[in-house]
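Have a look at this one before I ask anything.
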Amino acid sequence: MKKRALVTGASRGIGAATARALAADGWEVNLNYFQSEAQALALAEELGCRAFRADVADPAQVRAMFQAMGPVELLVNNAGIAHDGLITDITEEEWHRLFDVNVGGVFNCVRCALPHMIHEKHGIIINTSSVLARYGGSCEAAYTATKSAVEGLTRSLARELGPSGIRVNAVAPGVIETDMLACFTREELDDMADKAPIERNGVPEDVARVTALLASDACAFVTGAIIPVDGGNRL
Ligand code: NAP
């Protein structure tokens with residue numbers, strides 16, 4: 001029987017690439033999406049898998065998704081939103097939404113995935129941070145704070161859940177060209193690429209391959225790790 005996985009935010013970008021990479025490695029992948037239904041359903045058809053609509057920030061929607069989907073052995077918490085702007089300009093609503101999706105989404109999904117993983121004494125959780133959590137970023141303070149919280153959760157859950165046979169790691173992408181960077185011009189993106197020792201920006205597959213590796217038995221002794229996937233670009 002195929003091992004079952006859930007990738008949140010799998011309708012586009014890094015999540016969609018991750019779903020493809022895991023499917024290629026033999027995982028039965030379940031896709032989560034929120035607003036991009038057409039893209040999620042097209043990917044589900046391509047991979048021959050199921051897609052579930054849920055706002056990861058909403059515990060009730062996440063619970064309903066897990067009830068419809070059934071238990072998973074691998075949870076990839078990829079869904080996320082960004083915010084670009086001065087700390088003096090962000091609204092309280094935007095601040096709370098960022099935390100609800102980027103941190104609350106991880107909490108909600110982990111809590112639904114854990115009972116089965118703990119029962120089986122086996123599970124893999126891969127969270128999605130950002131290089132910004134390590135280096136900080138002007139005009140990205142709120143987003144960065146959410147990713148720092150994700151890193152704290154990752155390290156603590158690795159300790160808490162290790163004795164239950166559950167590995168918890170995170171990827172920390174650098175500049176990956178997806179819709180999330182649509183606010184930058186081509187020139188600005190090229191400037192970022194110039195700063196990377198590898199001399200290019202990332203593509204979603206760069207992150208997806210690392211996530212698939214973390215999910216594999218090759219990483220059976222890896223937990224509590226935050227893996228930068230940034231071409232060496234320290235922003
Ligand atoms: P993206 O292209 O904007 O895609 C975001 C994905 O998250 C979409 O599939 C979206 O689904 C989903 N999503 C957003 N809010 C959601 C919600 N409330 N519930 C469920 N799904 C939700 O972004 P990306 O670049 O692939 O980013 C993926 C992850 O990598 C994020 O956690 C992001 O913070 C992180 N990251 C990205 C970069 C980068 O340079 N791109 C760098 C560092 C970290 P719908 O469209 O269906 O709503």
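For this chain, numbers begin at 1 and follow the sequence in order. Whatever order the structure lists ligands and atoms in, that order sets their numbers, starting from 1. Computation of the quantities below employed the complete heavy-atom set of this structure, encompassing side-chain atoms and omitting hydrogens, waters and symmetry-equivalent molecules. Being a predicted model, the structure only gives us computed values, none of them experimental.
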For this session: Among all protein heavy atoms, pick out the one at the shortest distance from atom 46 (O) of ligand 1; state its residue, atom name and that distance to 0.1 Å.
Result: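 Of the protein heavy atoms, Ser36 OG, 2.5 Å lies nearest.
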Exercise. Should one rank Asn78, Val62, Val229 by closest heavy-atom distance to atom 31 (C) of ligand 1, which comes out on top?
Worked result: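 When every heavy atom of Asn78, Val62, Val229 is considered, Asn78 comes closest to atom 31 (C) of ligand 1.
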For this session: Please state which part of Lys147 comes within less than 4.0 Å of ligand 1, counting heavy atoms only: side chain, backbone, both or neither.
Result: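 Within the 4.0 Å criterion, Lys147 contacts ligand 1 through side-chain atoms alone.
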For this session: Determine, considering heavy atoms only, which of Ala182, Ala54, Gly80 sits nearest to atom 20 (C) of ligand 1.
Result: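 Closest candidate by heavy-atom distance is Ala54.
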Exercise. Is Thr8 touching ligand 1 with its side chain, its backbone, both, or neither, if touching means heavy atoms under 4.0 Å apart?
Worked result: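 Thr8 to ligand 1: no contact under 4.0 Å from either part.
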Problem set entry | Any N/O pair Thr178/ligand 1 closer than 3.5 Å |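 The answer is yes, given that Thr178 and ligand 1 share an N or O pair closer than 3.5 Å.
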Exercise. What part of Val207, side chain from CB on, backbone N/CA/C/O, both or neither, has a heavy atom under 4.0 Å from ligand 1?
Worked result: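 Neither part.
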For this session: Have a look at Ala79, Ser130, Ser129 and point out the one with the heavy atom closest to atom 21 (N) of ligand 1.
Result: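 Among Ala79, Ser130, Ser129, the closest heavy atom to atom 21 (N) of ligand 1 comes from Ala79.
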Exercise. Nearest protein heavy-atom contact for atom 35 (C) of ligand 1: which residue, which atom, what distance?
Worked result: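 Sorting protein heavy atoms by distance from atom 35 (C) of ligand 1 puts Thr128 CG2, 3.6 Å first.
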For this session: Any atoms of ligand 1 less than 4.0 Å from a non-hydrogen atom of Ile81? List them with their elements.
Result: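 Selected atoms, number and element: 14 (C), 15 (N).
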For this session: Below 4.0 angstrom from a heavy atom of Leu181, which ligand 1 atoms are there? Numbered from 1 as shown, please.
Result: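 So the atoms of ligand 1 that pass are 40 (O).
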For this session: For atom 40 (O) of ligand 1, find the nearest protein heavy atom and state the residue, atom name and distance (0.1 Å precision).
Result: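 Answer for atom 40 (O) of ligand 1: Ile176 N, 2.9 Å.
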For this session: Working to the nearest 0.5 Å, report the span between CG of Leu74 and CD of Glu28.
Result: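 The CG atom of Leu74 sits 12.0 Å away from the CD atom of Glu28.
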Exercise. Under 4.0 Å from ligand 1, counting heavy atoms only, is it the side chain of Gln61, its backbone, both or neither?
Worked result: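 The answer is neither; Gln61 stays 4.0 Å or more away.
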